[in-house]
Amino acid sequence: MKVNVKDVRELSIEQPCSIIDIVKMVNPEGLNNYCAAKVNGTLVDLRTTITNDCDIELLDTSNKESLPILRHTAAHIMAEAVQNLFPEAKITIGPATDNGFFYDFDFRPFSREDLDAIEKEMKSIIKKATRLERREVTRNEALEIMTQRNEPYKVELLEAIPEGETITIYQQNNFVDLCRGPHLLNTRPIKGFKLLSSSSTYWRGDKKNKSLSRIHGTAFFTKEDLDGYLQYLEDVKNHDHNKIGRELEYFTTVDVIGQGLPLIMPKGVKVVQTMQRWIEDEETRRGYMRTKTPLMAKSDLYKISGHWDHYRDKMFVIGDPDDEKEVLALRPMTCPFQYFVYKNSQKSYRDLPCRYGETSTLFRKEDSGEMHGLTRVRQFTISEGHLIVRPDQMVEEFKGCIDLAKYCLTTLGLKDDVTWHLSKWDPEDTEKYIGDAETWEQTQQHIRDILNELNIPFVEDVGEAAFYGPKVDINAKNVYGKEDTMITIQWDALIAEAFDMYYIDKDGSRQRPYIIHRTSMGCYERTLAWMIEKYEGAFPTWLMPEQVRVLPISEKFLDYAEEVTAELQRNGIEVTCDRRSEKIGYKLRETRMQKIPYALIIGQKEQDEHVVSMWNRKDGDLGSTTLDKFVEDVCKEIRTRSVDLTIRK
């Protein structure tokens with residue numbers, strides 16, 4: 001047979017052989033530099049046997065596709081180390097990820113001391129250049145192996161595989177795992193690794209199943225690469241809103257209050273309040289009517305909407321849900337409440353569209369392992385809206401919601417930090433949704449056409465739709481690279497029937513409206529977190545809780561400093577006066593650390609000439625100007641919601 005080895009030469013081989021044998025033919029000294037191969041474009045293990053003519057590409061340690069293989073092997077080594085130290089731990093799954101690897105164990109939570117001990121055991125395994133053996137077995141043989149090893153999770157996985165399937169098993173020392181591979185030939189190439197943290201999760205990601213302990217780690221071919229990545233993680237932590245937001249006193253959390261229930265501090269409230277007023281005013285300008293609806297409702301409401309069947313696991317239920325007596329639930333969304341606002345009076349076709357907006361406080365029962373700072377919480381406030389429209393109005397109104405979202409992102413300086421997604425239903429799992437396939441395909445195509453018409457690049461995500469309709473999700477990544485949805489716009493052609501919503505058409509007939517579920521900016525808590533990380537706490541001036549700080553050099557200039565402060569306050573500027581008898585250098589350092597956009601320094605010259613000396617957080621000293629001129633300039637910056645400082649050198 002003829003085997004063409006990319007960038008090497010074509011080989012003529014008389015009988016089947018492994019890729020390892022082929023490597024020995026073309027580079028006998030470099031076997032340990034190779035991690036895997038591609039045969040006719042398909043990634044395979046080096047232990048794979050070649051039986052026909054083919055093209056082979058050998059992947060060495062410099063190939064970007066080799067790093068996930070090394071990390072996958074590191075996950076197996078970690079699992080072996082865990083079972084060496086804690087024989088009672090049961091293995092589940094352990095894949096490579098974008099930045100490392102993890103493995104889930106049926107075991108108690110791991111402490112940092114446990115992770116350090118596991119690292120030490122891993123080093124011992126790696127140092128021995130332990131070989132990984134690969135073999136193919138039948139499903140029944142694999143079941144027998146895992147049953148004998150008392151690995152119930154592996155048995156469960158195998159039982160879901162049809163009989164007759166070939167199963168691949170990898171073994172190093174006494175550790176055995178089910179795995180497609182590929183894996184390194186031995187542990188020698190792993191020169192740098194680190195176990196980063198542990199967390200809780202659920203078997204198969206379902207909280208109805210057993211709680212598991214997950215260990216997160218990373219690995220590299222060189223210690224230098226590992227050190228660089230660990231330094232990157234340290235730098236990322238310094239940009240994490242959890243760190244910056246607490247240091248700047250935007251929010252805090254308290255154990256006795258509960259996880260996912262942050263306390264927004266006065267400065268954070270000021271930022272959220274500014275955004276909220278801006279959003280509400282903008283929605284009013286665009287024809288929205290404000291509503292105020294209850295924070296809870298009887299289960300009957302959610303049964304009509306479908307949330308009781310499709311979303312109850314995420315809801316806080318008050319009372320026994322199986323009891324026939326009155327059962328209440330905190331609202332996870334506002335839509336069914338606003339439907340009854342619509343239904344309060346009969347609507348004509350001329351009354352549509354009805355655009356309802358509400359600054360809604362919502363409650364969702366997030367898993368403890370999912371919650372992080374302000375990005376995923378159990379109580380949050382959202383700029384929610386529902387548009388009840390005629391079918392012929394749907395496309396233009398949907399475009400209007402997209403325009404509002406783009407306006408909000410642009411004003412906040414975030415438009416270049418997002419990705420757009422068309423979140424579709426999963427036709428292979430129709431029980432999750434209401435409606436028929438034709439309706440779903442039509443509505444998805446409408447959204448696809450709108451995004452294409454508006455020249456918005458987007459990706460399509462199967463299985464991410466709401467249970468009642470497809471949607472546009474506008475996502476952003478946090479400093480750790482995790483993607484969250486910031487804004488959503490949903491197309492709903494189905495729910496109106498469940499609530500018997502209608503309008504009287506031109507011919508006097510009753511017709512079902514369509515509904516758009518949307519957020520203009522999304523969750524205020526998550527947006528605050530996003531902006532803290534984006535701006536490292538140095539928000540645009542119009543959003544800052546303190547926009548100007550007046551700094552008298554000494555107490556004898558305090559009267560003029562108070563005059564300046566009062567004038568700024570009269571013009572609606574958020575200002576404070578630092579009356580302490582500290583040195584001006586100390587006051588300026590503290591002003592910079594608090595990310596305050598501008599400071600006005602008041603001394604003898606300023607008092608005598610009735611001017612102010614300006615300073616900003618980017619350039620430092622800006623020279624002097626009249627107070628009227630400074631007020632005019634900073635008020636314009638605030639009024640126009642400039643993303644950048646406009647008073648510069």
Side-chain angles (χ1 to χ4, degrees), residues 240-284 290 292-293 295 330-331 334 357-364 371-384 408 411-414 478 484 486-487 519-549 565 568-569 571-578 590-591 593-598 617 634 637-639 641 643:
D240 187 342
H241 79 277
N242 249 325
K243 181 176 186 294
I244 298 173
R246 293 171 197 271
E247 290 175 349
L248 294 177
E249 297 185 339
Y250 283 106
F251 76 98
T252 189
T253 53
V254 181
D255 288 343
V256 295
I257 292 175
Q259 193 175 11
L261 300 169
L263 299 176
I264 309 299
M265 308 281 278
K267 289 167 66 175
V269 169
K270 192 68 180 177
V271 178
V272 170
Q273 183 184 60
T274 301
M275 288 195 288
Q276 181 179 322
R277 289 173 176 172
W278 161 58
I279 290 295
E280 290 178 352
D281 288 347
E282 180 62 26
E283 288 179 343
T284 299
R290 310 305 301 173
K292 182 174 174 56
T293 55
L295 298 181
L330 297 177
R331 63 179 184 184
T334 311
E358 182 167 337
T359 303
S360 310
T361 298
L362 305 180
F363 307 85
R364 294 182 186 174
M371 288 182 287
H372 175 71
L374 297 177
T375 56
R376 194 170 289 274
V377 292
R378 286 175 168 158
Q379 175 183 312
F380 56 94
T381 303
I382 194 168
S383 57
E384 194 166 10
C408 292
T411 304
L412 293 172
L414 303 171
N478 65 16
D484 285 306
M486 308 307 297
I487 298 173
T519 57
S520 51
M521 189 186 61
C523 166
Y524 284 100
E525 289 83 356
R526 185 175 290 180
T527 302
L528 178 58
W530 184 16
M531 294 192 62
I532 289 173
E533 293 184 353
K534 161 82 173 180
Y535 293 107
E536 297 181 36
F539 298 141
T541 302
W542 71 277
L543 279 174
M544 285 296 295
E546 184 179 352
Q547 296 161 337
V548 180
R549 183 171 290 184
T565 302
L568 295 174
Q569 289 173 335
N571 283 273
I573 298 166
E574 297 294 338
V575 58
T576 61
C577 180
D578 189 341
E590 192 170 82
T591 301
M593 288 178 64
Q594 292 294 314
K595 316 288 186 179
I596 297 166
Y598 296 104
R617 66 191 175 200
V634 78
E637 181 178 325
I638 294 167
R639 184 177 63 255
R641 300 187 184 90
V643 171

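You'll find the side chain of Y535 stays beyond 4.5 Å of the side chain of I244, heavy atoms only. Residues W278 and R641 are in side-chain contact: their nearest non-hydrogen atoms beyond the backbone lie under 4.5 Å apart. Counting only heavy atoms from C-beta outward, the side chains of H372 and D240 approach each other to under 4.5 Å. Using a 4.5 Å heavy-atom threshold, the side chains of L543 and M531 count as touching. Residues I257 and L263 have side chains in contact (heavy-atom distance under 4.5 Å, counting atoms from C-beta outward). Within the 4.5 Å cutoff, side-chain heavy atoms of E525 are placed close to those of T381. Contact annotation: the side chain of V271 never approaches that of I264 to less than 4.5 Å [non-hydrogen atoms, C-beta and beyond]. At a threshold of 4.5 Å between non-hydrogen side-chain atoms, the residues R246 and T253 count as touching.
In R277, the CZ atom is not crowded: 12 or fewer heavy atoms of neighbouring residues, nucleotides or ligands sit closer than 6.0 Å. By the 6.0 Å contact criterion, CD on Q569 is enclosed, its count of non-hydrogen atoms from other residues, nucleotides or ligands being greater than 12.
Just one of E282, E283, Q276 meets the side-chain contact (heavy atoms from CB on, under 4.5 Å) condition when paired with I279; it is E283. Remark: of the listed residues L412, T274, L528, L528 is the sole one forming a side-chain contact (heavy atoms from CB on, under 4.5 Å) with F539.
For the residue pair G537 and Y250, the shortest heavy atom distance occurs at O-OH, 3.9 Å. Between P262 and V377, the closest heavy-atom pair is CD-CG1, 3.8 Å.
In this structure, I382 CD1 and T519 OG1 are separated by 5.5 Å, a value rounded to the nearest 0.5 Å. With rounding to the nearest 0.5 angstrom, the CG atom of L362 is 9.5 Å from the CD atom of Q379. Expressed to the nearest 0.5 Å, how far CD of Q547 lies from CH2 of W542 amounts to 10.5 Å. Between L374 atom CG and H241 atom NE2 the span is 4.0 Å, to the nearest 0.5 Å. Separation of atoms CG (L295) and OG1 (T334) is listed at 9.0 Å; rounding is to 0.5 Å. To the nearest 0.5 Å, atom NZ of residue K243 and atom CD of residue E536 are 10.0 Å apart.
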Criterion side chain to side chain contact (heavy atoms under 4.5 Å, CB included) on M265 and L248, from CA distance to verdict | CA-CA 10 Å; M265 308 281 278; L248 294 177; over 6 Å; no

Please walk me through it: do T375 and F380 pass side chain to side chain contact (heavy atoms under 4.5 Å, CB included)?
-> CA-CA 10 Å; T375 56; F380 56 94; over 6 Å; no

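The backbone N or O of K595 lies less than 3.5 Å from a partner atom in the side chain of R617, making a donor-acceptor pair. Between the side chain of S383 and the backbone N or O of T359 there is no donor-acceptor pair closer than 3.5 Å.
Sequence neighbours left out, the pairs with a member in residues 261-273 that pass side chain to side chain donor-acceptor pair (under 3.5 Å) are K267-Q594, K270-E574.
Taking a cutoff of 4.0 Å between a charged side-chain nitrogen and a carboxylate oxygen, E358 and R331 qualify as a salt bridge.
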